[in-house]
Asks: 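One structure, as structure tokens, below. Some questions next.
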There are 2 protein chains.
Amino acid sequence: MVDEPLRKGEATQARILDAAYSLFMEQGYHGTSMRQIVERAGVTTGGVYNHFASKEEIWVAVFLERHPYRAILPLLREVDSGTLEEYVHSAAQRLVGELNKQQDLLHIMFIELVEFNGAHIPQLFERIAPELRPLVDLLDAHVGELRPIAPPLLARTFLGFFFSYYITEAMMPPAVRALMGDGALDAFVDIYLHGVVAGGEGRGAKDLFTT
Amino acid sequence: MVDEPLRKGEATQARILDAAYSLFMEQGYHGTSMRQIVERAGVTTGGVYNHFASKEEIWVAVFLERHPYRAILPLLREVDSGTLEEYVHSAAQRLVGELNKQQDLLHIMFIELVEFNGAHIPQLFERIAPELRPLVDLLDAHVGELRPIAPPLLARTFLGFFFSYYITEAMMPPAVRALMGDGALDAFVDIYLHGVVAGGEGRGAKDLFTT
DNA sequence: CCTACCGATCGGTAGG
DNA sequence: CCTACCGATCGGTAGG
């Protein structure tokens with residue numbers, strides 16, 4: 001069943017999706033015309049409507065099927081977990097590597113937020129939810145080493161800490177980036193870990209909403 | 001000089017900027033037409049070009065003059081600095097308050113990144129740079145309480161930690177947000193502080209690129 | 001009768 | 001700052 005050659009219609013649909021994805025990442029949704037999509041996909045203006053009812057339907061398909069989580073979740077599962085510190089460092093390393101390979105993976109979220117006001121995000125979460133189990137389990141295995149933070153909050157801050165690296169990277173002009181050196185990612189990871197792992201005693205070790 | 005009534009041309013220009021700003025925030029740049037802007041501003045299709053040479057010039061003006069830093073920097077300077085912890089908690093509180101009042105302030109950065117690939121960001125940094133002195137001084141005053149982190153990196157992680165709260169907020173569907181409770185911001189602040197303040201000893205206290 | 005698609009063009013609107 | 005338009009292009013659809 002796997003690796004069977006695509007049926008003709010499926011191959012065409014995949015070409016349309018590829019073309020639309022790359023154009024949306026370069027120019028945004030409204031900045032990309034149907035003409036550009038059909039041209040890059042090698043189909044005719046009319047032909048595309050045999051596969052998608054509208055331009056927005058194409059976006060929805062791109063958003064759900066090319067979303068970063070498709071690349072990120074398998075990657076996070078592959079990381080072999082030693083200590084928590086090793087896991088987080090290694091996971092961050094891989095995530096940044098993957099997103100540098102595909103520079104524009106974050107753009108997909110920004111386009112959804114800017115040009116659709118997040119209208120399709122609930123749909124995305126429904127798709128992702130069932131795939132999160134293994135990560136939740138992994139988190140549970142290390143929960144003893146962590147400060148008492150409610151799991152949803154912990155997941156959110158982990159995702160957020162990673163965004164924080166990536167978005168500040170995207171926002172800096174090259175001249176400012178030069179000031180950072182190239183160990184910035186390690187610093188982000190280290191600060192985050194220092195922030196969430198139990199240090200034994202001292203200030204800041206208060207209970208954090210273990211609701 | 002201040003509070004003098006606007007000259008006629010300036011008032012018109014301000015109306016165009018207001019109209020464009022609100023429309024860009026609602027629909028993005030390419031999703032907004034010049035027709036919509038002139039209608040909301042109450043000027044004619046041709047008239048707008050007496051004030052701005054092109055649609056992109058309007059964006060540049062909006063980007064440089066309505067950028068969040070215009071609201072955020074004064075706000076950060078006003079916070080009365082007791083301990084570092086108090087300062088960061090209080091600053092975070094105010095930032096989130098301000099951005100909730102103006103829900104779309106982050107959109108401006110996303111639009112710039114998505115629809116212009118950050119082409120105007122260097123211009124923005126040139127404007128901001130001179131206004132950063134007071135904040136750098138404030139940072140210096142507390143540097144003894146912090147882990148050894150290079151100042152540019154520290155500034156970047158502070159900005160990033162704040163983005164991380166805000167962007168995960170924007171990305172969550174309401175159903176997921178409900179799981180977080182309403183103390184999420186305090187948790188973000190606490191994790192960040194725990195991550196950057198010197199704890200005395202222990203793991204993670206290694207030197208972080210004090211280049 | 002199906003699917004996947006063609007060349008041509010629809011009514012409206014884009015930035016200028 | 002207006003009215004009146006331009007060349008071109010927009011997303012989507014016609015019959016075959």
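A, B, ... follow the sequence lines: proteins, then strands. Residue 1 opens every chain.
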Asks: Using salt bridge (Lys or Arg N to Asp or Glu O under 4.0 Å) as the criterion, list what pairs up with Arg77(B), not counting sequence neighbours.
Replies: none

Asks: Go nucleotide by nucleotide along DNA chain C from the 5' end; which of Thr45(A) and Asn50(A) gets its closest nucleotide reached first?
Replies: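 Closest to the 5' end, via its nearest nucleotide, is Asn50(A).
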
Asks: Should stems be defined as at least three consecutive Watson-Crick or G-U pairs with both distances under 3.5 angstrom, which of them involve DNA chain D?
Replies: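 If one scans DNA chain D for consecutive Watson-Crick or G-U pairs, no stem of 3 or more turns up.
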
Asks: Is there a side-chain contact between Leu76(A) and Leu138(A), using heavy atoms and a 4.5 Å cut-off?
Replies: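 The answer is no; the side chains never approach within 4.5 Å.
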
Asks: Taking dA8(D) as the reference, what is the distance to dG12(C) when you measure between their C1' atoms (whole Å, please)?
Replies: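 13 Å, rounded to whole Å.
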
Asks: Could I get the full list of side-chain hydrogen bond (donor to acceptor under 3.5 Å, both in side chains) partners for Ser164(A), not counting sequence neighbours?
Replies: none

Asks: Side chain of Thr44(B) only, please: which of dC1(D), dC5(C), dG16(C) is the nearest?
Replies: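 The answer is dC1(D), which lies nearest to the side chain.
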
Asks: Which residues pass the ring pair (Phe, Tyr, Trp, His ring centres under 6.0 Å) test with Phe24(B), not counting sequence neighbours?
Replies: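 Checked Phe24(B) against ring pair (Phe, Tyr, Trp, His ring centres under 6.0 Å); matches are Tyr29(B), Trp59(B).
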
Asks: Return each pair, listed once, that meets salt bridge (charged side-chain N to carboxylate O under 4.0 Å, His left out) where at least one residue sits in residues 160-178 of chain A; pairs must be two or more places apart or across chains.
Replies: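 Listed by first then second residue: Glu169(A)-Arg177(A), Glu169(A)-Arg156(B).
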
Asks: Show me the pairs that pass salt bridge (charged side-chain N to carboxylate O under 4.0 Å, His left out) and involve residues 34-47 of chain B, at least two apart or across chains.
Replies: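 Counting only pairs at least two positions apart or across chains, the salt bridge (charged side-chain N to carboxylate O under 4.0 Å, His left out) contacts touching residues 34-47 of chain B are Glu26(B)-Arg40(B).
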
Asks: Under 4.0 Å from OP1 or OP2 of dC1(D): is there any side-chain N or O of His51(B) that close?
Replies: yes

Asks: What side chain to side chain donor-acceptor pair (under 3.5 Å) pairs are there with at least one residue in residues 120-141 of chain A, not counting sequence neighbours?
Replies: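 Only Glu56(A)-His120(A), Glu112(A)-His120(A) qualify under side chain to side chain donor-acceptor pair (under 3.5 Å).
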
Asks: Could you tell me whether Tyr166(A) and Phe163(A) have their ring centroids closer than 6.0 angstrom?
Replies: no

Asks: At less than 4.0 Å, is any side-chain N or O atom of Thr12(A) found next to OP1 or OP2 of dA4(C)? Yes or no.
Replies: no

Asks: Between residues 34-42 of chain B and DNA chain C, which residues have a heavy-atom gap below 4.0 Å?
Replies: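 Met34(B), Arg35(B) - these, ordered by number, are the residues of the stretch whose heavy atoms sit under 4.0 Å from the strand.
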
Asks: If we take the P atom in both dG16(C) and dA4(D), what is their distance in whole Å?
Replies: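 It works out to 22 Å between them.
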
Asks: Of all residues at least two apart in sequence or in a different chain, which pass the side-chain hydrogen bond (donor to acceptor under 3.5 Å, both in side chains) check with His67(B)?
Replies: none

Asks: Within the pair Tyr49(B) and dG16(C), is there a side-chain N or O less than 4.0 Å away from OP1 or OP2?
Replies: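 Tyr49(B) to dG16(C) OP1/OP2: side-chain N or O found under 4.0 Å.
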
Asks: Can you tell me which nucleotide in dC6(C), dA4(C), dG12(D) comes closest to the side chain of Ser54(A)?
Replies: dG12(D)

Asks: Mind checking the C1' distance from dT9(C) to dG11(D)? Whole angstroms is fine.
Replies: 13 Å

